[in-house]
Amino acid sequence: MTYAFMIEPQDFIALENEDELIEKCQEWGLLSGKATKLKTFYYKGNGLNMTCTIIGYVDHMAAVIQLDNGQKHCIHPSYLKEMQASSYSARSISNAGSDRSTESTTSDTVVPVIPAELTQTPDALVNLDEIPVNLDDSDDTDTDEFSSGLKGDPDGLVEEYVGPQSGAASDAQPKAKTASKAKSVKIDLPEGKVKMSAVVKEFTTVPNHFSDNDDEVIIYEAVTITEPDVIDVGEAWSSHSATVKKQELEVGDVITFEAKIIKKKLTRNPVPYKINNPSKIQKED
């Protein structure tokens, strides 16, 4: 059976092994930080309740799951996390009746997880877990503070989630100009994992509007792709994941590693590229 509501990605970053999948699920809060095994995940949207498999992600806002019928679907990790609660279905049904009578059928501000919204038809509201995807990063010219690479102005969608921020809006303009100046030379990034070297520049945090805690990240400078072809990238960033923390990195450390690098700007920072799932990390003396 094929489900018409599914939003199937045109392309996505596949999680190639169980270690990468566990690390990503820990980052999303789907597994505890001490977890060493995967668990069974369930998709409970649109009246369904079936097992699903996490096979990859588009970016921070969109995980890619696969249902039993083989269809792939984009869903926000926080929404998928809500679905894992045993009381999710009952809560959705009971809240749907009471909320429908008091809420307008249209809304300018959409909270990421409101079970009552699940009863809306696709024509009335876009399902919160269905995020249209356009993954052609080569056409990405956004200079907003958060660029997700999703089709249909996803940056506007995120702003609706967190509400208007007049102060932040005024601050975003000079940062956008700085970012555009930094990207004077367009770089053709290779597909798949490559060998790289970088210097640790800074440890920082960025806001995560779907979590109580900020995301820990590392900013690198002098980032260079060393194989198969030498490409000077400049600055890039990565999540300060559990795997990276084991290296006990410090500012100024020169490291080599293997990773996939994509075009994705760091929130509120003019750093245009992200390093995904670095492995085989080694410090140079």
Side-chain angles (χ1 to χ4, degrees), residues 12-39 41 53-65 75-81 84 137 146-149 189 192-225 233 235-269 271-284:
F12 62 94
I13 300 169
L15 294 167
E16 299 176 351
N17 54 58
E18 185 171 315
D19 289 341
E20 288 186 1
L21 182 53
I22 290 174
E23 181 179 336
K24 203 67 182 175
C25 287
Q26 289 172 333
E27 180 181 329
W28 288 331
L30 290 165
L31 292 174
S32 70
K34 297 180 180 180
T36 58
K37 293 182 180 180
L38 292 172
K39 67 178 184 179
F41 296 104
T53 304
I54 301 172
I55 59 174
Y57 60 97
V58 177
D59 61 15
H60 185 70
M61 291 182 63
V64 179
I65 61 174
I75 180 171
H76 195 284
S78 295
Y79 192 33
L80 182 61
K81 180 181 177 181
Q84 306 317 303
D137 287 338
F146 188 93
S147 177
S148 67
L189 298 175
K193 284 191 173 183
V194 292
K195 292 185 177 181
M196 305 178 66
S197 65
V199 178
V200 178
K201 178 182 179 180
E202 179 183 353
F203 296 90
T204 187
T205 59
V206 293
N208 181 347
H209 300 305
F210 305 100
S211 173
D212 294 334
N213 300 318
D214 291 346
D215 290 336
E216 297 181 60
V217 300
I218 303 178
I219 298 176
Y220 306 90
E221 60 185 351
V223 179
T224 303
I225 298 172
V233 176
E235 289 191 341
W237 65 280
S238 76
S239 298
H240 197 187
S241 63
T243 299
V244 178
K245 285 181 179 179
K246 292 178 183 178
Q247 305 299 319
E248 299 181 349
L249 298 178
E250 297 179 355
V251 173
D253 281 347
V254 180
I255 59 172
T256 59
F257 53 91
E258 293 183 9
K260 179 178 175 66
I261 184 168
I262 62 173
K263 182 181 179 182
K264 182 179 177 183
K265 187 164 74 69
L266 178 61
T267 306
R268 298 184 181 179
N269 287 272
V271 183
Y273 303 106
K274 181 184 179 185
I275 296 168
N276 278 332
N277 300 319
S279 60
K280 300 181 181 179
I281 303 172
Q282 292 185 343
K283 293 183 188 179
E284 293 189 356

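- Closest heavy-atom contact between Pro77 and Leu30: O-CD2, 4.3 Å.
- Not counting sequence neighbours, the partners of Val254 by the side-chain contact (heavy atoms from CB on, under 4.5 Å) test are Val199, Glu284.
- Atoms CZ and CD1, from Phe41 and Ile65 in turn, are 11.0 Å apart once rounded to the nearest 0.5 Å.
- Across Leu266 and Trp237, no two heavy atoms sit closer than the pair N-NE1, 3.4 Å.
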TODO: Begin from the C-alpha positions of Gln247 and Ile255 and carry the test side-chain contact (heavy atoms from CB on, under 4.5 Å) through to its verdict.
DONE: CA-CA 10 Å; Gln247 305 299 319; Ile255 59 172; over 6 Å; no
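- Residues passing the side chain to side chain donor-acceptor pair (under 3.5 Å) test with Lys201 are Glu235, sequence neighbours excluded.
- Closest heavy-atom contact between Ile218 and His240: CD1-CD2, 3.6 Å.
- Here CG of Leu38 is found 8.0 Å from CD1 of Ile54. Values are rounded to the nearest 0.5 Å.
- Remark: Lys195 NZ is loosely packed, at most 12 non-hydrogen atoms of other residues, nucleotides or ligands lying under 6.0 Å away.
- Applying the side-chain contact (heavy atoms from CB on, under 4.5 Å) rule to Asp19 yields the partners Asn17; only residues at least two apart in sequence or on another chain are considered.
- Pairs of residues two or more places apart, or lying in two chains, that qualify as salt bridge (Lys or Arg N to Asp or Glu O under 4.0 Å) and include a residue from residues 239-251 are Glu216-Lys245.
- Legend: residues meeting side chain to side chain donor-acceptor pair (under 3.5 Å) with Ser238, ordered by chain and number and at least two apart, are Tyr220.
- Applying the ring-ring contact (aromatic ring centres under 6.0 Å, His included) test to residues at least two apart or on different chains, none of the pairs has a partner in residues 244-264.
- To the nearest 0.5 angstrom, Leu189 atom CG is 9.0 Å from Lys263 atom NZ.
- Under the salt bridge (charged side-chain N to carboxylate O under 4.0 Å, His left out) criterion, Glu221 pairs with no residue at all, not counting sequence neighbours.
- The OH atom of Tyr57 sits 4.0 Å away from the CD1 atom of Ile13 when rounded to the nearest 0.5 Å.
- By the 4.5 Å heavy-atom criterion applied to side chains, Val244 and Pro278 are counted as neighbours.
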- [ ] Test side-chain contact (heavy atoms from CB on, under 4.5 Å) on Ile22 and Thr36 and set out the steps.
- [x] CA-CA 7 Å; Ile22 290 174; Thr36 58; 5.6 Å; no
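- Remark: Lys24 pairs with Glu27 by the salt bridge (charged side-chain N to carboxylate O under 4.0 Å, His left out) rule, at least two apart or across chains.
- Shortest non-hydrogen contact noted between Ala236 and Ile261 is CB-CD1, 4.4 Å.
- Note that CG of Leu21 is 12.0 Å distant from CD of Glu16, once rounded to the nearest 0.5 Å.
- The closest donor-acceptor contact from the side chain of Asp253 to the backbone of Val251 lies at 3.5 Å or more, if one exists at all.
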TODO: Apply side-chain contact (heavy atoms from CB on, under 4.5 Å) to the pair Ile55 and Phe12, showing each step before the final yes or no.
DONE: CA-CA 9 Å; Ile55 59 174; Phe12 62 94; 3.7 Å; yes
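- Residues Trp28 and Gly56 approach most closely at CH2-O, 4.1 Å, considering heavy atoms.
- In this structure, CD1 on Ile262 lies 6.0 Å from NZ on Lys274, to the nearest 0.5 angstrom.
- Residues forming a side-chain contact (heavy atoms from CB on, under 4.5 Å) with Ala35 (at least two apart in sequence, or on another chain): Gln26, Leu31, Ser32.
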TODO: Mind running side-chain contact (heavy atoms from CB on, under 4.5 Å) on Asn277 and Leu15 for me, showing each step along the way?
DONE: CA-CA 9 Å; Asn277 300 319; Leu15 294 167; 4.1 Å; yes
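- With sequence neighbours excluded, the residues satisfying salt bridge (charged side-chain N to carboxylate O under 4.0 Å, His left out) with Glu20 are Lys193.
- With sequence neighbours excluded, no residue forms a salt bridge (charged side-chain N to carboxylate O under 4.0 Å, His left out) with Glu18.
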